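For clarity, every value in this text was computed on a predicted model and none was experimentally measured. In the text below, chain A, chain B and the rest are named by the order of the sequence lines, each starting its count at 1.
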Amino acid sequence: MATRIRDLTSQAGQEATVQGWLVSLRKGGKIRFLVLRDGSGTVQAVVREGEVPPEVWRESGELAQEASLVISGLVRPDQRAPGGVELVVRNMAVVANGADYPITPKEHGVDFLMDHRHLWLRSSRQEAILRIRSQIELFLQTELARLGFVRVDSPILTPSACEGTTTLFETAYFEDKAYLSQSGQLYNEAAAAALGRVYCFGPTFRAEKSKTRRHLMEFWMLEPEMAFASLEDVMDVEERLISALVRHLLAESASDLATLERNPEALAQAAAGDFPRISYEEALAVAAGAGHQVAWGDDFGSPEETAIAAAFDRPVFVHRYPTAAKAFYMQPDPERPEVCLSVDLLAPEGYGEIAGGGQRIHDLELLRRRLQEQGLPEEDYRWYLDLRRWGTQPHAGFGLGIERTLSWLCGLEHVRETIPFPRLLTRLYP
RNA sequence: UCCUCGAUAGCUCAAUGGUAGAGCAUCCGGCUGUUAACCGGAGGGUUGUAGGUUCGAGUCCUACUCGAGGAGCCA
């Protein structure tokens with residue numbers, strides 16, 4: 001079994017074999033430096049004429065970027081080697097050489113990189129982002145399990161528009177039509193009445209013609225749902241999850257964050273928890289103070305969200321939006337029915353809304369009335385209404401957008417880098 | 001759908017309306033410690049498409065195509 005490059009430092013003075021891809025080749029007259037990567041790290045391999053078989057010497061001079069290699073040699077600490085350890089090559093097998101690799105160590109434009117996304121993934125920045133993405137997905141699920149949540153997968157093919165508002169991708173379902181899920185929430189509510197605390201995690205689809213750095217047509221959402229729970233419970237769980245996640249990443253993904261040049265100081269406050277909780281009306285005042293006048297009843301646009309978030313040093317909850325501005329299932333505040341028990345979590349530094357949720361309507365008649373008011377056909381929601389006929393209870397949940405969260409945590413310019421193969425308004429390739 | 005900006009070598013970019021260039025990549029040569037190595041040489045172009053103005057258009061005008069950022073909508 002070959003050694004992974006990140007483990008080489010512990011094998012100084014020993015022979016080792018590594019397998020990987022050529023990042024760069026620097027040639028002297030009788031000495032060559034091969035930088036190799038294998039997904040766990042990079043290492044410099046040194047080839048000297050006369051110290052390797054003649055065919056290895058010849059082949060080492062003909063290698064192209066991204067050639068795949070198996071190299072064996074002596075692991076030797078050396079101040080001159082990047083990372084402090086290098087591999088003195090004794091032998092090398094060329095698994096595959098190449099030519100004219102499109103992505104060079106120089107600058108490239110976005111369109112070019114997106115066209116070569118399948119190769120772009122090999123760059124150190126993309127590696128770091130994908131590792132952090134994996135950490136986030138793993139950690140959040142582990143943490144939810146610790147809190148007693150059960151993962152219940154919701155369907156991706158759905159029979160009709162669940163929320164009515166957003167545009168759905170339509171697909172053929174034999175003689176019928178089906179739509180790609182835009183949220184697993186309604187199904188989560190059914191599952192929560194079975195298991196108490198549940199979450200779903202999977203891709204969601206929005207056929208909106210959005211073309212900004214915060215939008216994808218296909219993105220991943222983590223949606224917890226709790227029976228016998230309130231708006232306050234939602235904020236408690238969100239704050240606990242996010243702050244624990246930030247602490248986890250600062251500890252476990254420090255080197256990847258460093259690769260991305262993400263300053264840990266920018267995340268220190270979020271790691272501390274204690275996220276401010278302000279009402280929609282308080283948020284209106286904050287926006288107005290920053291020069292953004294929003295009329296009561298209107299939702300915040302992106303510039304307003306950014307201004308509100310900028311007033312705080314950590315993520316901020318904005319709760320109790322106008323009922324009319326939110327989805328039909330949001331529970332109106334019993335004391336003020338014109339606002340509902342909803343909450344958005346806004347990330348700092350202009351990253352905007354990363355989570356949205358709230359308390360759901362549990363009263364059958366109120367829910368029917370809200371469906372009617374929004375012009376939604378009751379027969380489409382028969383099973384959803386059933387949840388209020390038998391064993392109904394106050395329940396609440398939220399959806400956390402993985403890509404926006406990742407974008408914020410990594411300090412990225414655009415969510416397109418947070419998902420391996422982004423689906424954008426004008427891009428379905430590769 | 002709307003607003004703004006853009007498209008020149010494989011890539012990133014230059015070029016007062018007057019002979020289309022550079023760096024990187026590629027190929028050839030040199031160099032025994034390189035760090036985005038360096039030095040010398042070579043090849044590489046229907047300037048997004050179609051029209052127009054002009055003695056002359058990469059440059060000015062019109063339309064279209066494609067892309068980027070933003071708005072709306074949202075996570």
Side-chain angles (χ1 to χ4, degrees), chain A residues 23-35 42-51 57 61-62 64-66 76 78-84 86 88 98-116 119-120 123-124 163-168 182-185 203-223 238 298-306 325-327 343-347 350-357 398-408 413-416 418-419 424-427:
Chain A
V23 175
S24 72
L25 170 63
R26 290 185 289 273
K27 293 196 270 190
K30 293 177 180 171
I31 186 169
R32 289 166 187 162
F33 300 93
L34 282 56
V35 177
T42 60
V43 69
Q44 169 173 287
V46 188
V47 189
R48 281 199 175 78
E49 187 174 19
E51 296 184 9
W57 174 252
E62 297 168 352
Q65 193 182 344
E66 290 302 308
R76 191 181 67 187
D78 192 308
Q79 291 294 336
R80 294 165 295 184
E86 65 186 14
V88 182
D100 299 328
Y101 185 68
I103 300 180
T104 66
K106 299 291 176 181
E107 284 176 37
H108 297 285
V110 169
D111 195 37
F112 178 81
L113 288 170
M114 290 305 308
D115 276 340
H116 297 85
L119 302 175
W120 188 21
S123 71
S124 57
E163 297 187 28
T165 48
T166 38
T167 323
L168 299 171
Q182 56 161 340
S183 164
Q185 183 214 310
T204 56
F205 308 87
R206 305 270 168 99
E208 283 158 3
K209 301 212 168 181
S210 301
K211 192 176 146 82
T212 79
R213 69 184 68 194
R214 298 180 308 280
H215 286 91
L216 295 165
M217 304 302 110
E218 175 183 316
F219 66 97
W220 285 62
M221 193 153 63
L222 182 81
E223 296 179 273
E238 283 189 51
D298 289 347
D299 208 345
F300 300 112
S302 291
E304 290 79 35
E305 263 186 12
T306 301
K326 289 289 175 181
V343 61
D344 286 351
L345 182 62
L346 308 183
Y351 284 95
E353 184 181 349
I354 58 172
F398 64 96
L400 176 72
I402 294 297
E403 287 77 13
R404 284 190 183 173
T405 303
L406 186 51
S407 192
W408 161 53
E413 290 288 312
H414 199 299
V415 289
R416 67 184 157 222
T418 62
I419 188 165
L424 303 164
L425 186 56
T426 58
R427 179 174 293 280

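At whole-Å resolution of the value, CG in A/Leu425 and P in B/rA71 are 14 Å apart. We find that CE of A/Met217 is positioned 13 Å from P of B/rA75, with the value rounded to whole Å. Rounded to whole angstrom, the span from the NZ atom of A/Lys27 across to the C1' atom of B/rC28 amounts to 10 Å. Per the geometry, CG belonging to A/Asp111 stands 11 Å off P belonging to B/rU8, to the nearest Å. Per the geometry, NZ belonging to A/Lys209 stands 15 Å off P belonging to B/rC3, to the nearest Å. In this entry the distance linking CG of A/Leu346 with C1' of B/rC74 reads 13 Å, nearest Å. Atom P of nucleotide B/rC73 and atom CZ of A/Arg206 are separated by 14 Å, given to the nearest angstrom. In this structure, NE2 of A/His108 is placed 16 Å from P of B/rA36, rounded to the nearest angstrom.
No N or O donor and acceptor, one from the side chain of A/Arg32 and one from the base of B/rC31, sit under 3.5 Å apart. A donor N or O paired with an acceptor N or O is not found under 3.5 Å between the base of B/rG23 and the side-chain atoms of A/Glu107. Between the side chain of A/Ser210 and the base of B/rC74 there is no donor-acceptor pair of N/O atoms closer than 3.5 Å. For A/Lys211 against B/rA71, no side-chain N or O and base N or O form a donor-acceptor pair under 3.5 Å. A donor-acceptor contact under 3.5 Å links the side chain of A/Gln44 to the base of B/rU34. Remark: the A/Arg76 side chain and the B/rG33 base include a donor-acceptor N/O pair separated by less than 3.5 Å.
When the side-chain nitrogen and oxygen atoms of A/Thr426 are compared with OP1 and OP2 of B/rG67, one or more of them lie within a distance under 4.0 Å. Contact between the side-chain N/O atoms of A/Arg213 and the OP1/OP2 oxygens of B/rC74 is not found at any separation under 4.0 Å. For A/Ser302 and B/rG70, the shortest distance from a side-chain N or O to OP1 or OP2 is not below 4.0 Å. Between B/rG69 and A/His414, a contact under 4.0 Å exists linking OP1 or OP2 to a side-chain N or O.
When the P atom is compared between B/rA68 and B/rC27, the two are found 31 Å apart, to the nearest whole Å. B/rU1 and B/rA9: their P atoms are spaced 29 Å apart (whole Å). For the P atom pair drawn from B/rG21 and B/rG6, the interatomic distance equals 25 Å after rounding to whole Å. Nucleotides B/rU8 and B/rG67 place their P atoms 14 Å apart, quoted to the nearest Å. To the nearest whole angstrom, the two P atoms, one in B/rU49 and one in B/rA22, are 23 Å apart. Only the C1' atoms considered, B/rG48 is 7 Å distant from B/rC66, to the nearest whole Å. B/rA25 and B/rG10 have their C1' atoms separated by 7 Å, with the value rounded to a whole Å. Between B/rC28 and B/rU65, the distance separating the two C1' atoms is 41 Å to the nearest Å.
Using the six-membered ring where Trp is involved, A/Phe112 and A/His108 have ring planes that are parallel, under 30° apart on the 30 and 60° scheme.
Place A/Ala64 and A/Leu25 on RNA chain B by their nearest nucleotides, and A/Ala64 ends up nearer the 5' end. Residue A/Ala99 is the one, among A/Ile31 and A/Ala99, whose nearest nucleotide of RNA chain B lies closer to the 5' end (criterion: closest heavy atom).
With a cut-off of 3.5 Å on both pairing distances, B/rC73 has no Watson-Crick or G-U wobble partner at all. Remark: B/rA22 base-pairs with B/rU12. Criterion, Watson-Crick or G-U wobble with two distances under 3.5 Å. Nucleotide B/rA57 has no partner under the Watson-Crick or G-U criteria, as no pair reaches both atom distances under 3.5 Å. Judged by Watson-Crick or G-U wobble contacts below 3.5 Å, the nucleotide B/rG43 has no partner. Of all nucleotides present, only B/rG30 satisfies the Watson-Crick or G-U wobble test against B/rC38, with each distance under 3.5 Å. B/rA50 is paired with B/rU62 under the Watson-Crick or G-U wobble criterion, all donor-acceptor distances under 3.5 Å. The nucleotide B/rC5 finds its pairing partner in B/rG67, both defining distances of the Watson-Crick or G-U wobble pair being shorter than 3.5 Å.
Remark: A/Arg404 does not engage A/Glu353 in a salt bridge, criterion side-chain N to carboxylate O under 4.0 Å.
Between A/Asp111 and A/Arg427, the closest side-chain pair of non-hydrogen atoms falls below 4.5 Å. For the pair A/Phe33/A/Val46, a side-chain contact is recorded, criterion being any heavy-atom separation below 4.5 Å from C-beta on.
Residue contacts for A/Leu400: at a heavy-atom cut-off of 4.0 Å it reaches no nucleic acid atom on any strand shown. When heavy atoms are screened at a 4.0 angstrom cut-off, A/Pro102 is found touching no nucleic acid atom at all. Among the protein residues, A/Asp344 comes within range of no part of the nucleic acid, since none of its heavy atoms lies under 4.0 Å from any strand. Note on A/Glu51: nothing from the nucleic acid sits closer than 4.0 angstrom, heavy atoms only. Residue contacts for A/Gly301: at a heavy-atom cut-off of 4.0 Å it reaches the sugar-phosphate backbone alone, with no base atom in range.
The side chain of A/Glu208 has B/rC73 as its nearest neighbour among B/rG33, B/rA75, B/rC73. In this structure, of B/rC74, B/rG33, B/rA71, it is B/rA71 that holds the atom nearest to the side chain of A/Pro303. Closest approach to the A/Arg26 side chain among B/rC74, B/rA71, B/rU34 is made by B/rU34 (side chain taken as heavy atoms from C-beta onward). With distances taken from any side-chain atom of A/Arg416 to the nucleotides B/rA36, B/rC74, B/rA68, the minimum falls on B/rA68. Set against B/rC74, B/rA68, B/rC31, the side chain of A/Arg214 has B/rC74 as its closest nucleotide.
Using a 5.5 Å limit on the distance between ring centres and a 30° limit on the angle between planes, the aromatic ring of A/Phe33 does not count as stacked on the six-membered base ring of B/rG33.
For A/Glu223 (side chain) and A/Gly184 (main-chain N/O), a donor-acceptor pair under 3.5 Å exists by modelled atom type. The backbone N or O of A/Trp57 sits less than 3.5 Å from a side-chain atom of A/Arg32, completing a donor-acceptor pair. In this structure a side-chain-to-backbone donor-acceptor pair under 3.5 Å is missing from A/Glu403 to A/Arg416. Proximity of a side-chain donor or acceptor of A/Glu238 to a complementary backbone N or O of A/Asp344 within less than 3.5 Å is not detected. Between the side chain of A/Thr204 and the backbone N or O of A/Phe219, at least one donor-acceptor pair lies under 3.5 Å.
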